[in-house]
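Quick notes on the structure that follows.
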Amino acid sequence: MAKRPEVDIFNVLTPGRMTETTVCIIGAGPAGAAAALQLAQYGIHSVIVDKAFFPRDKVCGDGLSGKVITALTRIDPSIAERLQQYTDKINSWGVTFVSPGGVSMDVPYKPQYNTEEDAPIGFVCKRISFDQFLVDEIKRRPEISFIEGVSIDQYKLEDDGYLLSEAGGSLHIKAKLVIVANGAHSSFTRHVANFTIEPAHHAAGVRAYYRNVTGMHKDNFIELHFLKPLLPGYLWIFPLPNGEANVGLDMISSAVKKKKVNLKQLLQTTIQEDPVLKERFRDASAISPIEGYGLPLGSKRRPLAGERYLLTGDAAYLIDPFTGEGIGNALYTGRIAAEHARDAIQANDFSADALASYTDHVYRVLGAELSLSHRLQKLVRYRWLFNFLMKMATKNRQLRDLVSCMFYEVDVRKKLASPVFYLKLLFNR
Ligand SMILES: Cc1cc2nc3c(=O)[nH]c(=O)nc-3n(C[C@H](O)[C@H](O)[C@H](O)COP(=O)(O)OP(=O)(O)OC[C@H]3O[C@@H](n4cnc5c(N)ncnc54)[C@H](O)[C@@H]3O)c2cc1C
């Protein structure tokens with residue numbers, strides 16, 4: 001039986017009793033939180049259930065791109081403002097790329113940035129803190145009933161809604177509509193929506209926290225190391241408050257299988273043996289174990305809605321195939337799902353046909369970006385091209401500025417994904 005949560009939902013937690021709600025959200029990570037908060041903005045009550053007690057950790061790189069602030073602003077500008085003021089995060093002003101040939105290039109998110117005057121675009125925030133920030137936002141809203149420590153593992157579609165139950169438990173929730181936001185390992189996604197994990201559209205990632213890694217950029221640039229032994233994967237070092245860093249590695253699952261790589265081991269040996277990194281980690285100490293988790297990539301279009309359900313975030317397999325970024329897409333899809341939930345409630349129609357427009361909406365917003373990122377993900381396999389580009393960029397300011405926006409501007413990614421772009425570069429040197 002779950003610990004009594006702070007929000008008064010005594011009725012929901014009474015053993016043996018069935019609670020009815022119009023919308024139930026499974027999972028209170030970024031996707032679920034965004035859905036609940038957007039519904040609250042519409043004045044719609046929801047019940048949100050998470051199997052964990054918060055604060056809870058999530059294996060992640062902890063990088064928050066500009067999309068996070070954009071999504072939160074769309075839900076409610078005051079949430080974005082509170083995040084800007086949140087002190088458990090670090091402002092990051094750019095990216096350092098290291099090419100397979102060892103060329104290192106610093107690329108600010110904004111050319112000629114001023115850390116005193118400009119609003120920061122990127123942040124790094126441990127997920128244990130960021131997700132708690134979102135849960136605190138949920139708890140501010142009387143329209144949201146939040147249940148912690150309950151795992152929803154049984155889903156039964158009945159005429160008037162889904163009957164959701166805790167495996168072996170006595171908690172039952174009847175919902176007209178389910179917003180599925182329970183992450184990369186969602187059993188609803190696998191068993192009800194029938195998604196399968198396809199190694200070509202899935203990545204594996206590992207990360208650990210370290211203290212005292214030296215050689216970090218003074219303005220907290222995040223670092224992406226596309227080292228030769230790691231391709232098509234890369235190693236990241238993301239700076240955190242208090243001299244800590246999130247250090248990790250990810251690689252597409254088809255390559256992990258083909259090369260029979262043990263990612264945890266690869267992370268450790270790279271840190272110990274790479275000539276540059278071993279110096280930087282000489283006095284560093286690991287302050288967490290190395291942990292791994294799946295990244296279901298959005299490199300393939302899938303139906304994201306069905307009879308009485310909408311899939312969001314990682315449960316909808318929507319991680320950016322090039323950058324590995326999923327928090328922004330989770331917030332975006334949570335918000336869009338709330339919009340479609342509102343329309344379904346108004347029309348009192350929760351059928352698969354009525355909800356199908358959700359899939360189109362998500363791909364209208366994220367589709368172009370996801371398919372461009374898929375093409376860029378494939379480009380990384382061409383080591384010579386990568387080396388060439390990095391060499392060019394270190395000499396060419398315009399190209400550097402272009403790359404600078406790569407993680408944040410879809411139009412720029414579009415240029416990078418076009419063969420014409422490389423031809424122009426070759427001949428305009
Ligand atoms: C190694 C690694 C590095 C990454 N780095 C980055 C990065 O730097 N930046 C970035 O933007 N993204 C990154 N990602 C992706 C990012 O972590 C995810 O895209 C993001 O967490 C998705 O949010 P979500 O809300 O969909 O799912 P989650 O954050 O996974 O939240 C799902 C929630 O559902 C709950 N839950 C699960 N099952 C149940 C159940 N049966 N019943 C009730 N509740 C349940 C969980 O407890 C959890 O709270 C990384 C991922 C990995 C694996």
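Counting convention: from 1, in listed order, for ligands and their atoms alike. All heavy atoms count here, side chains included; hydrogens, waters and symmetry mates do not.
Interface atoms of ligand 1 facing G294, defined by a heavy-atom separation under 4.0 Å, are 53 (C). Atom numbering of ligand 1 starts at 1 in the shown order; those under 4.0 Å from a heavy atom of A31 are 25 (O), 26 (O). Set against the non-hydrogen atoms of G313, the atoms of ligand 1 under 4.0 Å away are 26 (O). Atoms of ligand 1 lying under 4.0 Å from at least one heavy atom of V49, given by number and element, are 43 (C), 44 (N). Taking every heavy atom of G205 and a limit of under 4.0 angstrom, the matching atoms of ligand 1 come to 1 (C). Of all atoms in ligand 1, listed by their number and element, those nearer than 4.0 Å to a heavy atom of D153 are 41 (N). Residue contact check: F238 has heavy atoms under 4.0 Å from atoms 8 (O) of ligand 1. With ligand atoms numbered from 1 in the order given, ligand 1 contributes 7 (C), 8 (O), 9 (N), 10 (C), 11 (O) to contacts under 4.0 Å with heavy atoms of G63.
Ranked by closest heavy atom to atom 19 (O) of ligand 1, the top entry among D62, V206, I26, D314 is D314. The option with the heavy atom closest to atom 41 (N) of ligand 1, from among D250, I152, D50, I147, is I152. When Q154, R207, K58, E325 are ranked by how near their heavy atoms come to atom 30 (O) of ligand 1, first place goes to K58. Considering only non-hydrogen atoms, atom 32 (C) of ligand 1 lies nearest to A181 out of G27, A33, A181. Of the listed options I327, L295, T312, L295 places a heavy atom closest to atom 51 (C) of ligand 1. Proximity annotation for atom 16 (C) of ligand 1: of K67, R127, R56, R127 comes nearest, heavy atoms only.
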- Go through D62 and Y209 one step at a time and tell me if the side-chain hydrogen bond (donor to acceptor under 3.5 Å, both in side chains) criterion holds. CA-CA 11 Å; D62 303 332; Y209 290 113; 2.6 Å; yes
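Summary of contacts: the protein heavy atom closest to atom 38 (N) of ligand 1 is N182 CB, 3.5 Å. Shortest contact from atom 27 (O) of ligand 1 to any protein heavy atom: G183 CA, 3.6 Å. Nearest protein heavy-atom contact of atom 3 (C) of ligand 1 is G61 N, 3.1 Å. Scanning the protein heavy atoms around atom 14 (N) of ligand 1, the nearest turns out to be G324 O, 3.4 Å. The nearest heavy-atom contact from the protein to atom 44 (N) of ligand 1 is K51 N, 3.0 Å.
The existence of a salt bridge linking K174 and E158 is confirmed by a sub-4.0 Å separation between a basic side-chain nitrogen and an acidic carboxylate oxygen. Using a cut-off of 4.0 Å between Lys/Arg side-chain N and Asp/Glu carboxylate O, K58 and D131 are scored as not salt-bridged. Look at D57 and R207 and you find a salt bridge, because one of the NZ, NE, NH1 or NH2 atoms lies within 4.0 Å of a carboxylate O, short of that distance.
In this structure, the side chains of D88 and F133 stay at 4.5 Å or more apart for every pair of heavy atoms. Contact annotation: the side chain of V192 approaches that of Y162 to within less than 4.5 Å [non-hydrogen atoms, C-beta and beyond]. You'll find the side chain of K67 reaches within 4.5 Å of the side chain of N329, heavy atoms only. You'll find the side chain of Y234 reaches within 4.5 Å of the side chain of D250, heavy atoms only.
Remark: of the listed residues F350, Y358, Y309, Y358 is the sole one forming a ring-ring contact (aromatic ring centres under 6.0 Å, His included) with H340.
Contacts between C60 and ligand 1, counted as non-hydrogen atom pairs separated by less than 4.0 Å, involve both the backbone and the side chain.
For the pair R302 and Y317, the NZ or CZ position fails the cation-pi test of under 6.0 Å to the six-membered ring centre and within 45 degrees of the ring normal.
Side-chain contact of T96 with D106: a donor-acceptor pair under 3.5 Å is present, judged by distance alone.
Distance alone, capped at 3.5 Å, is enough to place a donor-acceptor pair between the N246 side chain and the C60 backbone.
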